[in-house]
Number of protein chains: 2
Amino acid sequence: MKSRITLKKIAREFGVSISTVSKALKDSHEISEETRGKIKAFADYYNYKPNNLALQLRNQKTSVIGVIVPEIVHHFFSTVINGIEKYATEKGYNVMVCLSNESYEKEVSNMGVLTNGSVDGLIVSIARETQQNQNYKHFEAIINDDFPLVLFDRINDDIECDKVIIDDVGGAFKATNHLIEIGSKRIALLTTQDFITVGSLRKNGYIKSLNKNKISVDESLIYKIDDKESLYDQIKKAINVSNPPDAILAVNEIYAAIALKIAKESGLKIPEDIAIIGFTSGLISEYTDPPLTCVEQHGFLMGKQVAELLINRIESTAPSEFQKVVISPNLKIRRSTLDN
Amino acid sequence: MKSRITLKKIAREFGVSISTVSKALKDSHEISEETRGKIKAFADYYNYKPNNLALQLRNQKTSVIGVIVPEIVHHFFSTVINGIEKYATEKGYNVMVCLSNESYEKEVSNMGVLTNGSVDGLIVSIARETQQNQNYKHFEAIINDDFPLVLFDRINDDIECDKVIIDDVGGAFKATNHLIEIGSKRIALLTTQDFITVGSLRKNGYIKSLNKNKISVDESLIYKIDDKESLYDQIKKAINVSNPPDAILAVNEIYAAIALKIAKESGLKIPEDIAIIGFTSGLISEYTDPPLTCVEQHGFLMGKQVAELLINRIESTAPSEFQKVVISPNLKIRRSTLDN
DNA sequence: CAACTAAACTCTAACGTTTGAGTAAAAAAG
DNA sequence: CTTTTTTACTCAAACGTTAGAGTTTAGTTG
């Protein structure tokens, strides 16, 4: 790669000092019309652009936001990133995306790299392994430095920073209420293992709705799916039983789509024999047959919120209280719970 | 944000010079055991980490790869990014993702920002608007500087750099051959407008297969879908006709899923009355009923390839010929083309 | 005891930029 | 013709780091 033209090279070309060139390019009145003109023409011709690193170092400001997410091939996360990028660009920031790949170690190393001057602030959704280990030392380190940080979706309440979450309890509550309204009595829950916070929150919403509707919680209807084994086999066990449930609430889209598939294969009619609701993150729910009713998570809005909180934190000088923004999901009713 | 500790501050603390500190932390024999010890302990206590910007400026190397894609909420692109990130991390690089949002202007500005020192190399998939305008000046600029650049998927042959593409012609050829083999005679093509290169390449593959199988090309069976209008209405016009096609090849997953939905609504049996194949990028095809046969694009592999080419280019000193890597897609046969 | 060597530092330049302070020469003012 | 002002510059420091060259002091050698 050819090295780019710098102020120094232009200065040498005209036998002037570097600061003369810098000022000339900034149209400073300190430099004569004539000198300004020739320097600008030359710089233009050689396509001079100030070096970002040098500017960032001098200004102690990168105008870059770091984002660390567990995965990127995931509709919800990529939608959030899209929202972050949109808001960040409007405000003159670039976005640097890193993946933790659900690994504690990668999360730590990514945070280490990004916080050493590369970015002005950080947005993180915590890796599964970190949530499992409950090891948040790497967060404490940057919190102590008052490094701008916003957590979203996969958060931890002990970390003192701005946060944005979906109202998972409310979403599951709404969904369960809807199932009860359409007459379901035995609602199975397909959830994740307990350490996944969103999974357990959604379970709480499910239980809250049952309680409110005076339906006793039947633990045998709650299935904790392990993502490392065959989803298909595990979900089959929830449906192919002697006394199958009359409704299913799945904490994500894939579980719901698989449940739908299995139910159909078992000859069950949807929603007559079994109604199904999932939490959406993608487009699958729209194209299944029947299309799936789902809890919509508003990832784009979430991204904008997250970016807004972070940029405010970066740009404000006065310290202010940390905020926790809760985004209410809404229920998108489709034919998997409603005949038309 | 509290300012981080620097060599200068440590130097001041012990009344030594900055270089003493720098060397002490690097365990240089030039510094006495005693001084080294206390400096290292102090640095450790205050969690000293060298500032990246300063290192990058000094070393003229950022170890960051820039990626510019048209969208991120898109299974194919996010999968490619995943592959890039995987390989880049292995090689000690970070990834900075920017979105062109299909806009020429954003592509130009993103490239401008990233190439001014922020990254060591750039990976781009060209925005729709840029392909439409045929304006590639911004690429020429960085090509002239020998700035490391790799294009993927949405490429332009006039830009001299490394490239990675899917064999779109071959994929569509395979898919069309398969349809003909199962007895389809009137195969409709749901494609994009001509300026989208992948769309027109897939059309070429379709035509190539018809020619090879001695089926005349019926232009009235080729539908150029405009992404800005209602996909549903446009695709309906391809199916709800007096003499409907007996097969559909769609150049992406959404078109295929919508076609499937419309065909079912119209009372057509799949695949008996109408067989359907799409190019996949996501998970939809797996969960439709029947599941869709599709051309699989290997985005992750593509990402690794792209990153490998770029990092080789960055790290090699000797100039070498530009490569064009072609990845062969494969046909995943599901029930939308085959009874079971 | 002069000359040399080793130890343990410091200095300086470099990466590329900005900006306030300093300076020399020319022009204007008194 | 001296003083002041203006013009058009250059200098120096700063951001944080590294690495080779230079310096000081003490100890060793012949």
Side-chain angles (χ1 to χ4, degrees), chain A residues 1-40 42-43 46-64 113-120 145, chain B residues 1-40 43 46-64 112-120 145:
Chain A
M1 184 182 132
K2 285 174 204 157
S3 69
R4 291 206 153 220
I5 192 151
T6 63
L7 293 182
K8 198 189 219 178
K9 287 182 197 158
I10 302 178
R12 207 180 296 143
E13 178 73 22
F14 291 103
V16 297
S17 77
I18 292 173
S19 33
T20 301
V21 178
S22 173
K23 286 172 179 169
L25 293 175
K26 291 203 135 45
D27 255 329
S28 163
H29 62 275
E30 289 181 58
I31 310 300
S32 71
E33 196 85 44
E34 191 197 340
T35 312
R36 253 188 283 168
K38 65 187 185 189
I39 287 178
K40 282 166 76 178
F42 186 86
Y46 284 100
N47 194 25
Y48 170 79
K49 295 269 170 53
N51 179 293
N52 276 331
L53 289 179
L55 285 179
Q56 291 172 4
L57 183 60
R58 167 161 233 280
N59 300 333
Q60 295 290 87
K61 162 117 189 139
T62 62
S63 293
V64 176
V113 174
L114 293 186
T115 54
N116 288 333
S118 298
V119 302
D120 291 342
D145 287 349
Chain B
M1 182 182 133
K2 285 174 205 158
S3 67
R4 289 203 155 225
I5 192 150
T6 62
L7 294 183
K8 198 191 221 177
K9 286 181 197 158
I10 302 179
R12 207 180 296 142
E13 178 73 22
F14 291 102
V16 296
S17 77
I18 293 172
S19 33
T20 300
V21 179
S22 172
K23 287 171 179 170
L25 294 175
K26 291 201 137 46
D27 254 328
S28 163
H29 63 274
E30 289 180 58
I31 310 300
S32 71
E33 196 86 44
E34 191 199 341
T35 311
R36 254 189 282 168
K38 65 186 186 190
I39 287 180
K40 282 165 77 176
Y46 284 102
N47 194 25
Y48 171 79
K49 296 269 170 53
N51 179 293
N52 276 331
L53 289 179
L55 285 179
Q56 292 173 4
L57 183 59
R58 168 159 232 280
N59 300 333
Q60 296 289 88
K61 161 115 186 137
T62 63
S63 292
V64 177
V113 174
L114 294 186
T115 54
N116 288 333
S118 298
V119 302
D120 290 342
D145 286 349

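Keep in mind that the numbers below use all heavy atoms, side chains included, and drop hydrogens, waters and symmetry copies. Proteins get letters first, then strands, A, B, ... in listed order; numbering begins at 1 in each.
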Residue mapping more 5' on DNA chain C - nearest nucleotide basis, A:Lys23 or A:Asn51:
A:Asn51
When you check the phosphate oxygens OP1 and OP2 of C:dC9, does a side-chain N or O of B:Ser32 lie under 4.0 Å from one of them?
yes
Nearest whole angstrom, please: distance from the C1' of C:dT19 to the CG of A:Asn59.
11 Å
Return whichever of B:Thr6 or A:Ser17 has its heavy-atom-nearest nucleotide of DNA chain D closer to the 5' end.
A:Ser17
A:Ser19 side chain N/O closer than 4.0 Å to the phosphate oxygens (OP1, OP2) of C:dT18?
no
Minimum-distance nucleotide (side-chain atoms of B:Lys8 versus D:dA12, D:dT17, D:dC15):
D:dC15
Looking only at heavy atoms, what is the nearest atom pair of A:Arg36 and A:Ser28, with distance?
NE-O, 3.5 Å
Drop me the distance from A:Thr62's OG1 to A:Leu57's CG, to the nearest 0.5 angstrom.
11.5 Å
As a quick check of understanding, evaluate side chain to side chain donor-acceptor pair (under 3.5 Å) for A:Thr35 and A:Ser32, giving each step before the final call.
CA-CA 5 Å; A:Thr35 312; A:Ser32 71; 2.7 Å; yes
Tell me: CD1 of B:Ile39 to P of C:dA8, nearest whole Å?
13 Å
Value in whole Å for how far the C1' atom of C:dC15 lies from CD1 of A:Ile18:
11 Å
Rounding to a whole Å, what distance do you find between A:Lys61:NZ and D:dG16:C1'?
19 Å
Nucleotide nearest A:Ile31 (side chain, heavy atoms from C-beta), chosen from D:dT18, C:dC9, D:dC9:
D:dC9
Toward the 5' end of DNA chain D, which comes first, A:Arg58 or B:Glu30, by nearest nucleotide?
A:Arg58
Ranking A:Pro50 and B:His29 by the position along DNA chain C of their nearest nucleotide, the one closer to 5' is B:His29
Rounding to an integer number of Å, can you tell me how far A:Arg4 CZ sits from C:dG16 P?
12 Å
Protein-nucleotide distance (A:Arg36, atom CZ; D:dT7, atom C1'), rounded to Å:
12 Å
Nearest whole angstrom, please: distance from the P of D:dT18 to the CD1 of B:Ile10.
11 Å
So what does B:Leu53 touch, heavy atoms closer than 4.0 Å: a base, only the sugar-phosphate, or nothing?
nothing
Check the phosphate of D:dC9 against A:Thr35, side-chain N and O only, distance under 4.0 Å to OP1 or OP2. Yes or no?
yes
Taking only the side-chain heavy atoms of A:Gln60 (C-beta and beyond), determine which of C:dT18, C:dC9, D:dC15 contains the nearest atom.
D:dC15
Starting the side chain at C-beta, find the nucleotide from C:dC15, D:dC15, D:dA12 nearest to A:Leu57.
D:dC15
Heavy atoms only: give me the nearest B:Val113-A:Asn52 pair and the separation to one decimal.
O-ND2, 2.8 Å
Would you name the heavy atoms of A:Arg4 and B:Thr115 that are closest together and state the gap between them?
NE-O, 3.7 Å
Rounded distance in Å - CG (A:Asp27) to P (D:dC9):
14 Å
Side chain of A:Tyr48 - closest among C:dC15, C:dT17, C:dT18:
C:dT17
With a 3.5 Å distance limit and no angle check, can you tell me whether B:Asp120 reaches the backbone of B:Ser63 through a side-chain donor-acceptor pair?
yes
